[in-house]
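Scope of the values below: all heavy atoms of this structure, side chains included, with no hydrogens, waters or symmetry mates. Note that the structure is a prediction, hence the values are computed from the model and not measured.
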Amino acid sequence: MFYLIHGDNAFEQEEALAGLLAAHADPLLIETNKEILDPPLTLDKLRQACDTLPFLGDKRIVMVKNALGKGCDIQKIAEYLPTLPPTTLLIFIEHRNLPASHPVYKLCQGEMGKALHFATPNIRALPIWIRDRAKKHGGAIEPAAALLLAQNIGVNLHQLDQELQKLLIYRGDTRPITPKDVEAVVPYLEGADVIFDMVDALGQRKPQIAARHLHRLLDANDKEALSIFGMIVRQYRLLIQTRWMMDRGAAEQAIIARLGLHPYVAQKIQAQAGYFTLPQLHQAYHLLMETDLAIKQGALAQGAALDLLVAQLTRL
């Protein structure tokens, strides 16, 4: 039998692959009975890998990654698949959506193969994905809480899943996760609005107001300076990407899709990007790197380094 795992959702693809290996392979023998094939894929290469008998175990695993495109004789490979030895589990992995007309995909309609499709949810469907993911982990999350995560984290499925697991442990009972739970546990959310206020002040070249917002973050709940620095870096990374796309005439929907941002967050980022030119944002990123180096080398205390950074950013 063979499996076809395809789509642009690499996070859930990896999860599905791990599940298949756990179900079909002896963990003690998997490394001796596993072969990975990369493009270019030929029929001879595939046949040699699949027709080899497993060593000691009863199943041989052959994984073929992103090889069912150009340079591959798809038709010959499709004709070979019905003769696949029962001792071989063949898994095709494609980080793209294969059309239903693809010869290998067609074979998945019968009993010899099975297709598993994983598409990345768009930003509007993301809250539903979050709620479904919470159910998969044996919990539940309120719609408003799922929306809050989607708005602030965006389409970063791995991070969303990690935050959900932390939230379920924090909740510790059968009740759904609430927006208050999200605000208490997810580190970025606690200071997100203050970060926006601080960057607004930086963009308007108001150092005293920017410094005041910085110290609101430093004083709130004993937050570590490095965590706040990470928030600032994240904000400027989004600003650079957004400014670059705006300068090339990208529409708001294109920016939302490319960066995986919720429309509410994307609008705020676009407004802030208007304060800066792209060269100014590049200078800002160099300042961020210098600050990171100064903190790691111990040249400046963390709080002092952030104070200096804010002063420098307002002079761009």
Side-chain angles (χ1 to χ4, degrees), residues 8-11 95-97 119-127 147-160 187-189 191-214 217 226-295 305-316:
D8 61 355
N9 182 342
F11 171 69
H95 294 151
R96 62 189 177 103
N97 299 319
T120 300
N122 62 45
I123 195 66
R124 298 188 186 281
L126 193 57
L147 179 61
L148 188 60
L149 279 174
Q151 284 178 338
N152 287 276
I153 295 178
V155 190
N156 185 331
L157 302 185
H158 186 268
Q159 184 181 354
L160 282 169
Y188 178 72
L189 299 187
D193 288 337
V194 184
I195 285 289
F196 273 113
D197 291 340
M198 187 180 75
V199 174
D200 275 337
L202 292 172
Q204 295 166 16
R205 304 340 186 241
K206 297 179 179 178
Q208 292 182 335
I209 296 176
R212 191 182 310 145
H213 290 309
L214 171 64
L217 287 169
L226 282 179
S227 175
I228 295 166
F229 180 63
M231 294 179 188
I232 298 171
V233 171
R234 177 185 188 271
Q235 193 78 358
Y236 272 87
R237 183 172 63 248
L238 290 172
L239 284 169
I240 287 176
Q241 293 171 311
T242 300
R243 180 77 260 180
W244 186 89
M245 295 182 71
M246 288 169 61
D247 288 350
R248 283 152 183 77
E252 182 178 314
Q253 288 303 317
I255 294 172
I256 289 170
R258 181 71 177 270
L259 300 185
L261 298 172
H262 189 277
Y264 168 75
V265 177
Q267 288 170 5
K268 295 184 77 169
I269 294 288
Q270 282 182 271
Q272 289 189 337
Y275 293 135
F276 306 94
T277 64
L278 193 58
Q280 286 173 329
L281 287 171
H282 285 157
Q283 290 177 48
Y285 222 71
H286 281 295
L287 289 173
L288 292 169
M289 289 189 290
E290 290 172 4
T291 301
D292 183 49
L293 191 61
I295 291 173
L306 291 184
D307 280 328
L308 177 60
L309 173 65
V310 165
Q312 291 173 319
L313 289 172
T314 56
R315 292 201 296 265
L316 292 179

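- Side-chain contact between Tyr236 and Leu313 is present, with heavy atoms from C-beta onward closer than 4.5 Å.
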* Could you give me the CA-CA distance, side-chain angles and deciding distance for Ile195 and His213, then say whether side-chain contact (heavy atoms from CB on, under 4.5 Å) is met? => CA-CA 8 Å; Ile195 285 289; His213 290 309; over 6 Å; no
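- Tyr275 OH to Leu316 CG: the interatomic distance, rounded to the nearest 0.5 Å, is 15.0 Å.
- Contact detail for Val310 and Pro207: the closest heavy-atom pair is CG1-O, 4.4 Å.
- Across Phe196 and Val265, no two heavy atoms sit closer than the pair CZ-CG1, 4.1 Å.
- With a 6.0 Å radius and a threshold of 12 heavy atoms from other residues, nucleotides or ligands, Arg258 has its CZ atom at or below the threshold.
- Here the straight-line distance linking atom CG of Asp307 with atom OG1 of Thr291 works out to 11.0 Å at 0.5 Å rounding.
- Considering every non-hydrogen atom in both Thr314 and Ala210, the closest pair reads CG2-CB, 4.5 Å.
- Using modelled atom types, no side-chain atom of Arg243 and backbone atom of Leu281 make a donor-acceptor pair closer than 3.5 Å.
- Once rounded to the nearest 0.5 Å, the distance linking CD of Gln270 with CG of Leu259 reads 9.5 Å.
- When every heavy atom of Ala305 is checked against every heavy atom of Ile295, the shortest pair comes out as CB-CG1, 3.6 Å.
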* Full working for side-chain contact (heavy atoms from CB on, under 4.5 Å) between Leu239 and Val199 -> CA-CA 10 Å; Leu239 284 169; Val199 174; 3.8 Å; yes
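- The backbone N or O of Gly203 lies less than 3.5 Å from a partner atom in the side chain of Arg205, making a donor-acceptor pair.
- With a 4.5 Å cut-off on side-chain heavy atoms, Met245 and Gln241 do not count as touching.
- Between Thr277 and Gln280, the shortest heavy-atom distance links the atoms N-OE1, 2.9 Å.
- Side-chain contact check for Leu126 versus Leu160: some heavy-atom pair is nearer than 4.5 Å.
- By the neighbour-count criterion of 12 heavy atoms within 6.0 Å, atom CZ of Arg124 is sparsely surrounded, having that number or fewer from other residues, nucleotides or ligands.
- In this structure, Asn122 and Ile256 have side chains that are not in contact, with every pair of non-hydrogen atoms separated by 4.5 Å or more.
- Going from atom CZ of Arg234 over to atom CD1 of Ile153 covers 8.0 Å, rounded to the nearest 0.5 Å.
- Minimum heavy-atom separation, Met246 to Ala273: SD-CB, 3.8 Å.
- Taking CG from Leu287 and CD from Gln312, the interatomic distance works out to 5.0 Å, rounded to the nearest 0.5 Å.
- Here the straight-line distance linking atom CD of Gln272 with atom CD of Gln204 works out to 9.5 Å at 0.5 Å rounding.
- Residues Leu288 and Phe229 form a side-chain contact, since some pair of their non-hydrogen atoms from C-beta on lies under 4.5 Å apart.
- By the 6.0 Å contact criterion, NE2 on His286 is open, its count of non-hydrogen atoms from other residues, nucleotides or ligands being 12 or less.
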